[in-house]
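Here the structure is laid out as structure tokens; the discussion comes afterwards.
Letters go in sequence order (proteins before strands), and every chain restarts at 1.
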Amino acid sequence: MLDQKLIRENPSSVEENLSLRGKVFNISHIHELTVKKKEIDIEISNLQSESKKLSKLIGQEISKSLNNNSQEINELKNKGNKYRTRISEFEEEKRILDNNLYKEILSLPNFPSKDAPIGEDENNNVVIKTWGDPLKKGNLKSHWEIGERLNLFDSTKSTKISKSRFITLIGNGAKLERALINFMLDIHTKNGYLELIPPALVNSESLQGSGQLPKFSKESFNCSNDDLWLSPTAEVPLTAFHKNEIIDFKLLPIKYVAYSPCFRREAGSYGRDTKGLIRLHQFNKVELYWFCDPCKSLEAHKSITSDAESILKKLNLPYRLVDICTGDLGFSSSRTFDLEVWLPSSNSYREISSCSNCLDFQARRSSIRTKTNKKNQYIHTLNGSGLAIGRTMAAILENGQQTDGSVKLPDALVPYFGSNFIKTT
RNA sequence: GGAGAGGUGGCUGAGUGGUUGAAAGCGGCUCCCUGCUAAGGAGUUACAGGAGGUAACUUUUGUCGAGGGUUCGAAUCCCUCCCUCUCCGCCA
């Protein structure tokens, strides 16, 4: 959520900043609402002050005169009655105004960072660096072909259970999933992150707090009997973990790592990545999350990104680091570095982690602050996948494939998986 | 799912219509006493927002789970909702 004061006092700078996203933003209506809100707030506050004084006076008069029905007292009561009517009129107006204002202000995305490359869409993203040697040979199998041959997962049967875009992991596939989760959690916890396993169902307020609502309700699964949704990413419960809190400044930064299943409707992606592990309605993810001193989020962003990178390096998977351009930034993010892993079968890099600095955008929506110099200040939040498990498995299968049909696993995984090969049984 | 109890400041806990933002205790902070510690004494201590001032600060509003209502005035009365706890049932 953007700062209301800024919208009220400097609407043109708000429009300018937002338009870096490559679209035209006209906030004149929102601006008007903020100005009006301010006026009404002051008016109500003044009336309440008067009315409060009067009520005290009446109390005093009654206790003095021992007669609470004298003419003077009745006159005072009448006066008070008038205040009450006027206040409730203003309050009704304020209620409507607040509703409208909130709806609109919650639909505005975050400002892109001045450092983000300017551009319209993903074609303008900037590759910062590449790591490792991408495997480029003929005759390379896709991970779903490998998985099928080694009987690691089954999507056809999963369609019977649920519908398309669900997967059942089998045998070594399930074991590899488990190994990857443990491997990642171990590395991150050794690296100073506190592990959490949050609820997978989250309420609307939590989704609103991290930016998925009100704009992206079609992206998440909703439980119609309750005000609960299947969490699309651990970012949601992790943000909400400290909702409505003032965090002790000495505790910052707070670094969490959370393994969680993630559920996404993938509305509008029909026909894309229909095979394999790349785009599923349900997938596992290990998520990194920081609550950080607002003065230090730029360094924190580098740090969280390199923490995610460290997993790819340890798994020896070729990847590249991409600076997301202003037009391609997510709703809540001011700057995002994507990590893209090499998938030889499609001869391309695919997103496996997205590391975002949301500045105070989510903190404002979720009301998470810290006290510095006796003043409360919104903290900054950062999130990054570390990593998406299914896509990591796809990358391991494709990059480790051998001519005999087996898959060689990265050495770092051996203690977790118990073997350095997956072969047909 | 059924029955009951309850939600008050950092915590415990009083308060059932009037200068009550809220007794008391614990905790916190400051000072005094003391060779140090302990004990003791005095004082102080909710939070959030707005307006004004460079600032120390001043002023104002709101907040006793949330939202409505009654009233000149609500922590206190009425309604709705949420949450927590206990017992029973069911259950991984």
Per side-chain hydrogen bond (donor to acceptor under 3.5 Å, both in side chains), His143(A) is matched among Gln401(A), Glu398(A), Arg391(A) by Glu398(A)

Tyr378(A) OH to A48(B) P, in whole Å, measures 12 Å

Say you pick atom P in G1(B) and the same atom in A74(B); how far apart are they, in whole Å? 36 Å

Which value, in whole Å, describes the distance between the P atoms of nucleotides U76(B) and G18(B)? 12 Å

Lys94(A) atom NZ is separated from G50(B) atom P, nearest whole Å, by 12 Å

Taking only the C1' atom of each, what is the distance from C33(B) to U37(B) in whole angstrom? 14 Å

By the Watson-Crick or G-U definition, both distances under 3.5 Å, U84(B) is matched with A5(B)

With B for base contact, S for sugar-phosphate-only contact and - for none (protein heavy atoms under 4.0 Å), nucleotides 66-74 of chain B reads --S--BBS-

Here the distance between atom P of C47(B) and atom CZ of Arg369(A), to the nearest Å, is 12 Å

Span that lies between the P atom of U20(B) and that of G62(B), in whole angstrom = 16 Å

Q. On the ring face of Phe417(A), is Lys175(A) found with NZ or CZ under 6.0 Å from the centre and within 45° of the axis?
A. yes

Q: Verify, without hydrogens or angle tests, whether Asn399(A) (side chain) and Trp342(A) (backbone) share a donor-acceptor contact under 3.5 angstrom.
A: yes

Taking atom P in both A24(B) and G15(B), what distance in whole Å separates the two? 15 Å

Distance col, row Ile352(A):CD1 vs Ser385(A):OG, nearest 0.5 angstrom, shows 8.5 Å

Interatomic distance at C1', G28(B) relative to C87(B), whole Å = 39 Å

Here the distance between atom P of U61(B) and atom CD of Glu91(A), to the nearest Å, is 14 Å

In whole angstroms, the gap separating P of U61(B) from OH of Tyr83(A) amounts to 12 Å

In whole angstroms, the gap separating P of G50(B) from CD of Glu43(A) amounts to 19 Å

Determine the Euclidean distance between corresponding P atoms of G9(B) and G4(B); express it in Å to zero decimal places.
27 Å

**Prompt:** G50(B) and A56(B): how far apart are their P atoms, nearest whole angstrom?
**Reply:** 15 Å

Is it the case that Thr168(A) and Ser158(A) place a side-chain donor and acceptor less than 3.5 Å from each other? yes

Rounded to whole Å, the CD1-P distance (Ile42(A) to G49(B)) equals 16 Å

* **Any donor-acceptor pair under 3.5 Å from Ser88(A) side chain to Thr85(A) backbone** => yes

Would one find a side-chain N or O of Lys5(A) under 4.0 angstrom from OP1 or OP2 of G49(B)?
no

Is the shortest side-chain N/O distance from Lys371(A) to OP1 or OP2 of A48(B) below 4.0 Å?
yes

Here the distance between atom C1' of G52(B) and atom NZ of Lys38(A), to the nearest Å, is 12 Å

### Task
May I ask you to decide if the ring planes of Phe331(A) and Phe216(A) are parallel, tilted or perpendicular, using 30° and 60° as cut-offs?
perpendicular

Of Gln60(A) and Arg8(A), the one whose nearest nucleotide on RNA chain B sits closer to the 5' end is Gln60(A)

Practice item. Output yes when a side-chain donor or acceptor of Arg365(A) lies under 3.5 Å from a complementary backbone atom of Leu106(A), and no otherwise. Key: yes

When both distances are under 3.5 Å in a Watson-Crick or G-U wobble arrangement, the nucleotide paired with U76(B) is none

